[in-house]
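Note that ligands are numbered from 1 as they come in the structure, with each ligand's atoms numbered from 1 the same way.
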Amino acid sequence: MEPGIIRKLDEDVVNRIAAGEIVQRPANALKELIENSLDAHATNIIITVKAGGLKYLQIQDNGTGIRCDNLDIVCERFTTSKLKEFEDLQAINTYGFRGEALASISHIAHLSIMTKTAADKCAYKVSYENGKVKGQIKACAGNTGTQITVEDIFYNVVARKKALRSPNEEYTHIMDVVGGYAIHNSKVAFTLKKFGENTDIRTPLNSSTVENVRIVHGNQIARELLEIEIKEPTLKFELHGYITNVNYSHKKGMMLLFINHRMVVSTSIRKAVDSVYSTYLPKNSHSIVYLSIELDPKNVDVNVHPTKHEVQFLYEEQIIDKIKSCVESKLLSCNSSRVMYTQARLPGASAVEEIIKKTTDGAKVYAKDLVRVNADTQKIDKFFRAQTNRENTETSINDAKIAVGVGKLNDNDSLETLDARKTNSNVNDINKDSEGKNEVNKEYNRNIDCNNDKTGNQPISFTNGEGHSQNGKINKVPNIEISNNMEQVDIEENVVQRIPKWSNAVGNSSTYIDPKQSFKTRTFEYERIETKLTSVKQLRMEIESQCNMNLREILANLIFIACIDSYRSLVQHSTKLYLCDTRRLTEELFYETILYDFQNLGFIKLSNALPLEELFVLGLSADDAWDSELGDRRELGVQMVGMLVSKRDMLLEYFSLEMNAKELLALPLLLDGHTPYMGALPTYLVRLVTEVNWESEKECFDTFSRQTAIFYSQVNPDSSTSSSEQWTQEHIIFPAIRKNFLPTTQFTTNGTILQVASLGDLYKVFERC
Ligand code: ADP
Ligand code: MG
């Protein structure tokens with residue numbers, strides 16, 4: 001085949017090819033035209049579009065206008081008012097300088113200009129084709145500024161026109177360009193509208209960046225913006241911008257980047273910023289970022305691409321590093337205000353089953369499912385209690401003391417004889433008298449010595465095992481003595497010693513507990529009294545039938561994380577974190593304990609017997625609902641004492657509640673190391689009379705156990721003792737729950753146990769950390 005003949009291309013063809021490189025779609029043409037208007041110092045730019053700019057694209061500004069005598073050459077290639085010599089390029093501060101935009105557009109579209117300078121008396125109008133004036137320049141009426149109309153873009157480049165998908169898509173690109181320039185040039189008013197339709201974007205004159213973000217992208221994004229700023233004189237680099245905080249995430253994300261006020265794309269900057277956000281945002285979600293970077297023009301080569309869309313600049317690596325660390329520190333500093341959109345899920349029975357299946361069916365364990373199983377090595381409390389001072393310790397970790405508040409009533413002589421020392425123990429509830437006087441009565445503090453030297457070495461429940469004989473006579477029982485002469489012990493030392501003792505006593509928290517093991521299946525090395533009472537057996541059966549085995553597995557192998565307060569704690573099971581209502585759990589634990597240790601409970605001996613009558617009077621006055629019509633409180637108290645005392649043989653034999661005709665001598669010991677909050681004792685006694693059904697056997701045991709469990713699960717409302725409560729919860733209550741507790745299915749639905757986090761889900765969030 002013969003070689004082809006080389007010919008010089010027709011100039012029009014050359015220009016059309018070149019134009020196609022600069023203007024690939026209407027939005028590119030519009031960008032050039034907006035830049036021209038900004039170069040001409042316009043403060044108001046109005047853009048009107050038909051069919052995504054393919055049919056009609058008009059831009060009107062109030063800038064300097066074009067001199068009438070320049071109109072003949074303005075659309076020729078390389079005609080510009082912005083650059084004279086090559087050296088000027090080094091310090092160029094206008095968008096345009098090549099003199100190519102208008103020429104290019106005129107080669108691929110019908111272009112017409114109407115313009116008026118301030119000095120001219122009238123405006124001039126002219127049309128162009130292939131860079132040349134078509135027809136004549138006509139004088140007409142018009143405002144100062146320039147109006148450029150581009151029609152039928154690519155009418156003569158069919159291939160290009162076909163490549164464009166749809167007017168709608170083109171319009172989206174136009175919106176991006178107008179929105180971007182409006183945000184970056186917030187002092188200039190921008191208007192974008194479709195021909196004959198409502199305005200899509202309208203930003204006011206002298207607006208602000210954030211306000212324009214709000215107008216263009218909506219309030220949801222605008223309110224999540226954080227401002228960032230960098231000034232690096234050594235690199236001759238400055239940055240100002242806004243970035244969405246970590247609360248916000250966007251499916252696609254957007255980076256609006258301006259370098260020296262030119263809207264550009266920089267893959268490397270985008271990647272760098274994305275990499276910072278990936279630590280904070282869920283997978284496949286992104287940020288919205290606006291950055292305006294100013295560099296020494298000498299360091300920027302804007303000439304790399306004909307559309308000036310991509311730029312290259314010196315010190316790119318260092319500058320990107322600076323941007324990364326700035327974004328990072330901004331996000332970190334605002335992390336504290338992060339709103340956690342977590343959903344506290346009630347683990348419905350089925351959900352709990354699911355958890356169990358996943359964690360215990362012996363399937364392969366993935367790295368993400370590996371969990372710490374020994375909570376003793378490090379606990380979350382460590383971070384909160386680091387700076388406990390001595391003063392604090394004395395009041396808060398003083399778990400050996402329990403305040404017994406006994407309010408002064410009309411007649412309190414006999415109680416005063418009981419006492420001990422005056423303290424600040426806060427038992428206002430009890431002390432409020434019936435007239436509602438808020439005067440805090442005399443308060444007493446009794447120190448209950450539950451010194452671990454006495455009880456700590458005892459294994460669970462009964463070492464000696466004898467309990468008391470069927471006839472109710474006490475032989476030898478384990479007990480906790482409550483005395484009022486406790487010596488001040490070194491509290492810190494005390495606590496340190498205690499932890500291992502107690503945790504040994506109630507079982508090492510890190511060992512696996514077979515969920516089948518519980519109250520139901522306990523075995524004892526010592527002799528116990530086996531109850532023959534059907535009613536108690538029935539009550540136990542009810543507990544067992546309501547027990548949720550999945551929940552039992554969770555609680556049997558829970559790892560204690562932290563007490564949030566005296567009423568709530570966090571526990572972990574496998575890879576899940578649960579929030580527990582400690583009081584409800586404790587109440588149920590005690591209820592079950594009483595029924596399963598029926599006739600076998602230990603004693604908490606009161607070293608000074610408490611007069612029942614006074615306790616009842618106190619209990620009655622604590623009741624807000626007290627109705628004076630019911631008669632004299634003391635009278636009623638006496639009656640109640642009589643009622644309770646009449647049951648004392650039974651109470652002693654079955655529940656280890658010991659009293660003589662006048663005084664309370666001992667309370668049941670439900671759990672080694674645990675003593676009830678004595679401030680609640682008077683109310684408890686009153687309730688034993690009023691709330692317990694003494695008529696029927698089964699109901700009696702049920703309601704007595706319930707009332708006792710309620711009493712034992714109460715904590716001292718005085719916040720200064722909360723540390724000791726929390727210590728007890730961690731080292732006494734939860735280990736007991738692990739060992740024996742039979743949780744009811746209701747816990748999964750009534751909020752007693754809530755799943756708050758799962759490691760698997762957290763992994764999804766932090767996957768790319
Ligand atoms: P460049 O912007 O590179 O100079 P253009 O082809 O975009 O080249 O524009 C050519 C010239 O036309 C500009 O230098 C400017 O003097 C003039 N011009 C274009 N648009 C406007 C406008 N909207 N207002 C005033 N002058 C304009
Ligand atoms: Mg230009």
* Strictly under 4.0 Å, does any heavy atom of Glu100 approach an atom of ligand 1? ->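 For ligand 1, residue contact (heavy atoms, under 4.0 Å) with Glu100 is present.
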
* Report the member of Val74, Ile105, Ile45, Leu33 with the shortest heavy-atom distance to atom 17 (C) of ligand 1. =>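 Of the listed residues, Val74 has the closest heavy atom.
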
* Using side-chain hydrogen bond (donor to acceptor under 3.5 Å, both in side chains) as the criterion, list what pairs up with Asn130, not counting sequence neighbours. =>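 For Asn130 there are no side-chain hydrogen bond (donor to acceptor under 3.5 Å, both in side chains) partners, ignoring immediate neighbours.
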
* Asked: Between Asn212 and Ser207, does any side-chain donor sit less than 3.5 Å from a side-chain acceptor?
  -> yes

* Asked: Without hydrogens or angle criteria, can the side chains of Thr48 and Lys193 be said to hold a donor-acceptor pair below 3.5 Å?
  ->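 No, because no side-chain N or O of Thr48 sits under 3.5 Å from a partner of the opposite role on Lys193.
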
[X], any N or O under 3.5 Å of ligand 1 N or O:
X	result
Asn36	yes
Ile66	no
Asp61	yes

* **All ring-ring contact (aromatic ring centres under 6.0 Å, His included) counterparts of His240, not counting sequence neighbours** =>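 Residues passing ring-ring contact (aromatic ring centres under 6.0 Å, His included) with His240: Tyr242.
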
* Which of the atoms of ligand 1 are close to Gly65, meaning less than 4.0 Å from one of its heavy atoms? -> 25 (C), 26 (N)

* Asked: At a 4.0 Å threshold, what atoms of ligand 1 neighbour a non-hydrogen atom of Ala40?
  -> 24 (N), 25 (C)

* How does Thr146 reach ligand 1, by side chain, by backbone, by both or by neither, if only non-hydrogen atoms under 4.0 Å count? -> side chain

* Looking at Tyr56 versus Phe195, is the centre-to-centre ring distance below 6.0 Å? -> yes

* Structure fact -> Paired with Ile183, the side chain to side chain contact (heavy atoms under 4.5 Å, CB included) test is passed by just one of Val210, Thr203, Val178, Val213, namely Val213

